[in-house]
Amino acid sequence: MSKKNIEIGRKKQEILENLDWSGKSLKEASNEMWEDSDFVDQAIFKTGQYALEYAPEEIVSDVQVLKKAVCRDGRSLKFASEAIKANKEVVLLAVKNDPRVLVYAARELKSDIDVAKACRGYIEHVADSLKDDYSFIFYSVNKNKWAFKYSSIRLRDDREIASLAVSQLGLALEWVSERLKNDRELVVKAVVNDGCAIKYACEGFKTDHSIAMAAVKSNPRAISLISSDLRKDRKFVLEAVREKPQVLEYLDECFQNDKDVVIEAVRNNQNVRKYASISLKKDEDFKIMLRKAVKEAARKGG
């Protein structure tokens, strides 16, 4: 073995030993080192995407190398040659590993239905034409509850797709059309999934007793998102803490200082007694009532 080859071998070993996640030591690698498939494999294995950041054109244009790289780390596609970014086979492997890397793919592949479906509903970077395709969006929303966010304006006004979206992610109500935010059945479906979805409903539904109660039962934080009139309605609040005692944590201070409201909540879940106001905790009559309420909750298993 020549002195030159010995030196190259020593340098390769040194680079690989110093190689960390950033791949920066690969800056020192010569083209001759990159011709060694074992060196390339080790670089990919150790650093993932960053193995290719410092690789020569011959490497980032090599289909077989890129297949290995994107299977190890889909983000390797970022450093591939333009020809590779247009290679459907490589891009499919990349997006199956990490759907977000579609952003680096060639424009024509962003509208390819096979590639788009391989993203499993992570469709932020697919072509606009697919975001307006009913069957593709229906498929994507079934795959990923966030997909609806990236659908076209037209499909955000489609009741069937919107209904599917909010049944999987109540907060998807944010992205439905203004017309559908006035659809009672759709809003109910959203708040039953996540009460905080009421934030995105039309104002009329925030004052609706049954919808507001459904929201609170689904997520106690929703009490802070309903209308101020209901939030201040003692009868509504008593019903709310009866149905969902954890609501006590999010009530206005006046209700955390209300003996009846706090006791009603504690009767159903003794753990919420910590949300009673400081002044109420010092009240001797309240302490007696509280002990009885805790015992009652224990009998109920709350």
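Just so it is clear, the values below take in all heavy atoms, side chains as well, and ignore hydrogens, waters and symmetry mates.
- Contact annotation: the side chain of F205 approaches that of R184 to within less than 4.5 Å [non-hydrogen atoms, C-beta and beyond].
- In this model, no donor atom of one side chain and acceptor atom of the other lie less than 3.5 Å apart for Y275 and Q256.
- Side-chain contact check for L52 versus L66: some heavy-atom pair is nearer than 4.5 Å.
- Here the side chains of K68 and F45 are not in contact, with every heavy-atom distance at 4.5 Å or above.
- Here the side chains of V101 and K78 are not in contact, with every heavy-atom distance at 4.5 Å or above.
- A continuous path of hydrophobic side-chain contacts links V166 to Y150 [ILVMFWY only; heavy atoms under 4.5 Å].
- Between F236 and H209, the two ring planes are perpendicular [angle over 60°; tilted spans 30° to 60°].
- In this model, a donor atom of one side chain and an acceptor atom of the other lie less than 3.5 Å apart for S22 and D20.
- To the nearest 0.5 Å, atoms OH (Y50) and OG (S76) are separated by 10.0 Å.
- In summary, the side chains of E35 and N31 do not present any donor paired with an acceptor at a separation below 3.5 Å, with no hydrogens or angles considered.
- Residues Y134 and D158 form a side-chain contact, since some pair of their non-hydrogen atoms from C-beta on lies under 4.5 Å apart.
- A side-chain N or O of N257 and one of S279 form a donor-acceptor pair less than 3.5 Å apart.
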Assess the residue pair I137 and I123 against the criterion (side chain to side chain contact (heavy atoms under 4.5 Å, CB included)); give the C-alpha distance rounded to whole Å, side-chain angles, the decisive distance to 0.1 Å, and a yes or no. CA-CA 9 Å; I137 292 298; I123 62 169; 3.6 Å; yes

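- Between F39 and W34, the two ring planes are perpendicular [angle over 60°; tilted spans 30° to 60°].
- Residues E28 and N18 form no side-chain contact, since every pair of their non-hydrogen atoms from C-beta on lies 4.5 Å or further apart.
- S210 is not listed as a side-chain neighbour of M213, based on a closest heavy-atom distance of 4.5 Å or more.
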